[in-house]
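Here is the structure we will look at.
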Amino acid sequence: MLHETRKLRIYNTLTGKKDVFEPITPGYVGMYVCGPTVYNDAHLGNCRTYVSFDVIHRYFRHLGYKVRYVRNITDVGHLTDDGEDRMAKGSKLAQLEPMEVAQKYTLGFHDMMRILNTLPPSIEPRATGHIPEQIEMVQSILDRGLAYERNGSVYFNVPKFAGENPGVYGSVSGRILDDLYAETRELKNQDEKNHPADFAIWMKARPQDLMVWNSPWSVGFPGWHLECSAMSTKYLGKTFDIHGGGNDLKFPHHENEVAQNHGACGCSPARTWMHTNMLLLNNKKMSKSDGNTISPAELFSGNSPHTTKAYSPMVVRFFMLMAHYRSTLDITDDALLAAEKGYSKLMETSRLLQSLPVDSKAFDGSENEHDRAVSTLMEEAYKGMDDDFNTAVVIAALNEMGSYVHKIANKQLPADALSPWVLDRMKAIFNTFLFDILGLLDDTSSAGDSGVVDGLMNLVLDMRAQARAQKDWAASDKIRDALSAIGIQVKDGKEGVTWGRSV
RNA sequence: GGUUUCCUGGCCGAGCGGUUAGGCACAGCUCUGCAAAAGCUGCUACAGCGGUUCGAAUCCGCUGGAAACCUCCA
């Protein structure tokens with residue numbers, strides 16, 4: 001197993017540095033990632049986070065870990081500015097049942113995850129499916145004296161918790177309790193709370209609330225952060241390896257999650273907290289609420305004032321992976337254009353690499369300078385992933401490997417420049433990183449087409465070859481231009497003609 | 001106002017005290033009927049000012065600029 005020999009370092013929000021990853025149970029990884037709230041179409045920011053964790057998930061699997069990846073669907077519980085339950089608000093606008101709204105956007109989210117080629121999580125629990133678990137957790141917290149009931153609602157007692165567990169509250173967000181107390185003092189209608197920093201773990205329903213459940217305290221609904229605490233505990237245990245989510249969830253969501261878990265079981269939940277950074281548009285955070293967004297659909301169709309053309313889902317995925325997951329990433333047309341070119345080139349390189357013949361010469365232990373260079377690059381790709389999942393470093397290494405591939409294919413290096421066992425290994429490693437770990441698909445090839453397209457292309461290119469043989473440049477160029485017009489690029493190489501789709 | 005992060009060449013973006021990151025764009029060359037593709041070479045960097053160090057994009061301080069969080073957001 002690779003994980004036994006490689007040393008993976010992960011940046012842990014709790015410690016503020018990269019720690020060597022040691023799973024709680026050797027060989028197994030438990031990872032919880034906060035999923036989307038399904039009251040709206042998924043936007044690109046969501047996509048970036050889930051693509052990032054998809055690569056993380058894939059790399060753990062590649063290393064040989066058995067991974068239980070839990071990503072929830074939030075279909076209840078978050079309040080809007082005007083105090084309405086989000087699902088209820090959506091339903092009123094659309095004249096639909098709340099669960100109909102949730103279903104619609106859950107399906108849309110799944111479509112988007114599939115289009116971006118993310119692997120499904122092992123478990124995708126819904127908040128509404130875990131109301132009993134959440135009620136139990138509220139009770140546990142009450143039993144431990146860390147919450148109080150007020151008019152049918154239950155509030156978490158932050159000052160008491162913080163006093164009993166020094167250093168815990170604030171450990172995720174880096175917030176200092178005194179500051180927090182001072183800040184929240186100004187906020188509106190907190191009259192039921194003992195203290196402004198307290199937060200609801202069970203809310204008594206008002207007449208307009210639609211999604212409500214019975215509980216020992218009132219007919220109501222669970223607090224805004226409780227679902228993740230309850231579901232992570234249920235599926236991963238009280239203490240598990242990794243909890244992830246977007247940067248903007250650190251406070252209050254993750255901070256309160258830790259407090260609740262701690263409050264219910266007296267132990268810390270996740271050992272490692274991972275946070276992805278924001279996707280920017282116009283140098284500002286993309287956000288559903290302030291309208292600074294570009295939807296995946298707009299990006300894929302080119303129907304947006306922010307872009308000049310359509311970009312394929314794989315180009316978008318590649319674009320995201322060109323940056324480290326903890327860096328902000330600014331969406332611009334220029335950057336997408338660059339990503340598109342880079343993506344196509346790597347796909348082309350992959351096809352070319354796989355087509356290179358490998359000698360059947362037996363391994364004799366020899367190693368030339370090119371062998372060493374390529375071996376170093378392969379190791380650098382691994383080192384990149386081992387260093388907090390640095391996909392940018394992986395892509396750089398793949399590009400450098402690609403240089404060797406093209407040189408050999410173009411006869412600028414002799415066919416035996418690389419020893420067969422090195423070439424063989426590069427074939428495997430290159431595709432492993434590109435497809436299995438980075439999770440890209442080749443949407444520039446004819447792989448998904450029926451044989452008809454290949455047959456037609458062979459015919460057309462054959463006719464062009466005949467025209468060229470007779471120096472009929474007009475006919476030859478007409479074919480080339482016509483193909484170009486429908487998005488097919490003809491590539492005249494030393495070893496004959498190939499073709500590809502311009503993405 | 002409080003907390004935190006960031007500022008790299010025309011653009012995107014790695015970098016965590018000593019290496020040419022890489023991609024895109026651009027220029028020249030090779031190849032080509034021409035072009036494209038591909039390869040090679042070149043090309044502009046570390047916001048500013050100080051400090052620590054044999055050595056700093058990388059550590060520290062100050063100044064300037066941007067962003068995030070403090071309220072639902074990935």
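Letters go in sequence order (proteins before strands), and every chain restarts at 1. Predicted, not measured: the structure shown is a model, and the values here were computed from it.
Spacing between B:rG64 and B:rA27 at atom C1', rounded to whole Å, works out to 35 Å. Rounded to a whole angstrom, the distance from the C1' atom of B:rA21 to that of B:rU30 is 26 Å. Spacing of P atoms, B:rU4 relative to B:rG10, comes out at 33 Å, to the nearest Å. B:rC6 and B:rG13: their P atoms are spaced 15 Å apart (whole Å). Remark: the separation of the C1' atoms in B:rC31 and B:rA37 is 11 Å, to the nearest Å.
Minimum atom distance to the side chain of A:His406 is reached by B:rA38, of the listed B:rC34, B:rA38, B:rA37. Checking B:rC12, B:rC69, B:rC16 against every side-chain atom of A:Lys18, the shortest atom distance belongs to B:rC16. Comparing B:rU32, B:rC12, B:rA14 against the side chain of A:Ala335 picks out B:rC12 as the nearest. Nearest to the side-chain atoms of A:Thr49 among the listed nucleotides B:rA66, B:rA36, B:rA74 stands B:rA74. Counting only heavy atoms from C-beta on, A:Phe251 has its side chain closest to B:rC70 among B:rU32, B:rC12, B:rC70. In the set B:rC70, B:rA74, B:rG39, B:rC70 carries the atom at the smallest distance from any side-chain atom of A:Arg175. Distances were taken from every side-chain heavy atom of A:Lys285 (C-beta onward) to each of B:rC40, B:rA74, B:rA36; the shortest belongs to B:rA74.
Along RNA chain B, the nucleotide closest to A:His324 and the one closest to A:Glu348 are compared, and the more 5′ of them pairs with A:His324. Checking A:Trp473 against A:Tyr325, the closest nucleotide of RNA chain B that is more toward the 5' end is the one next to A:Tyr325.
Within the nucleic acid shown, A:Leu279 comes within 4.0 Å of at least one base atom, counting heavy atoms only. Note on A:Ser173: nothing from the nucleic acid sits closer than 4.0 angstrom, heavy atoms only.
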Report each atom pair, protein N/O against N/O of nucleotides 22-27 of chain B, whose distance is under 3.5 angstrom.
| from | atom 1 | to | atom 2 | distance (Å) |
| --- | --- | --- | --- | --- |
| B:rG22 | O2' | A:Asn399 | ND2 | 2.9 |
| B:rA25 | OP1 | A:Lys341 | NZ | 3.1 |

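Note: A:Tyr50 and A:Phe109 meet the aromatic proximity criterion, with ring centroids under 6.0 Å apart. For A:Phe156 and A:Phe161, the ring centers sit closer than 6.0 Å to each other.
For the pair A:Arg48 CZ and B:rC73 P, the interatomic distance rounds to 19 Å; values are reported in whole Å. Atom P of nucleotide B:rA14 and atom CG of A:Asp330 are separated by 12 Å, given to the nearest angstrom. Note: CZ (A:Arg326) to P (B:rU4) measures 17 Å, nearest angstrom. Going from atom CE of A:Met278 over to atom P of B:rA67 covers 16 Å, rounded to whole Å. One atom, NZ of A:Lys478, and another, P of B:rA36, lie 23 Å apart when rounded to the nearest Å. Regarding A:Arg464, its CZ atom lies at a distance of 14 Å from the P atom of B:rA37, rounded to whole Å.
Annotation: side chain of A:Leu346 is in contact with side chain of A:Phe430 (closest heavy-atom distance under 4.5 Å). In this structure, the side chains of A:Met31 and A:Asp241 stay at 4.5 Å or more apart for every pair of heavy atoms. In this structure, the side chains of A:Glu298 and A:Ser295 come closer than 4.5 Å at one or more pairs of heavy atoms.
Contact between the side-chain N/O atoms of A:Asn46 and the OP1/OP2 oxygens of B:rA74 is found at a separation under 4.0 Å. Contact annotation: A:Ser327 side-chain N/O to B:rA14 OP1/OP2 distance is under 4.0 Å. For A:Asn277, no side-chain nitrogen or oxygen approaches OP1 or OP2 of B:rA68 to under 4.0 Å.
One N or O donor and one acceptor, one from the side chain of A:Asp477 and one from the base of B:rG33, sit under 3.5 Å apart. Within 3.5 Å, a donor on the side chain of A:Asp492 pairs with an acceptor on the base of B:rA35, or the reverse.
A salt bridge does not link A:Glu227 with A:Arg126: none of the charged nitrogens is closer than 4.0 Å to a carboxylate oxygen. The pair A:Arg480-A:Asp477 meets the salt-bridge criterion, since a charged nitrogen lies less than 4.0 angstrom from a carboxylate oxygen.
For the pair A:Tyr50 and B:rA74, the ring geometry does not qualify as stacking, because the centroid separation below 5.5 Å and plane angle under 30° are not jointly satisfied.
Only one option out of A:Asp248, A:Thr13, A:Thr49, A:Asn247 pairs with A:His275 in a side-chain hydrogen bond (donor to acceptor under 3.5 Å, both in side chains); it is A:Thr13. Each of A:Asn277, A:Thr276, A:Asp388, A:Asn390 was evaluated against A:Tyr325; a single residue qualifies, A:Asp388, per the side-chain hydrogen bond (donor to acceptor under 3.5 Å, both in side chains) test.
For the residue pair A:Ser350/A:Asn431, the side-chain donor-acceptor check at 3.5 Å is satisfied.
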* Can you give the dot-bracket line for RNA chain B, using ( ) for pairs inside the strand, [ ] for pairs that cross earlier ones, | for pairs with another strand and . for unpaired bases, where Watson-Crick and G-U count if both distances are under 3.5 Å? -> ((((((((.[[[..)..(...]]].(((((.......)))))....[[[[[..)....]]]]])))))))....
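Because its NZ or CZ atom is not both nearer than 6.0 Å to the ring centre of A:Tyr32 and within 45° of the ring axis, A:Arg71 does not count as a cation-pi partner of that residue.
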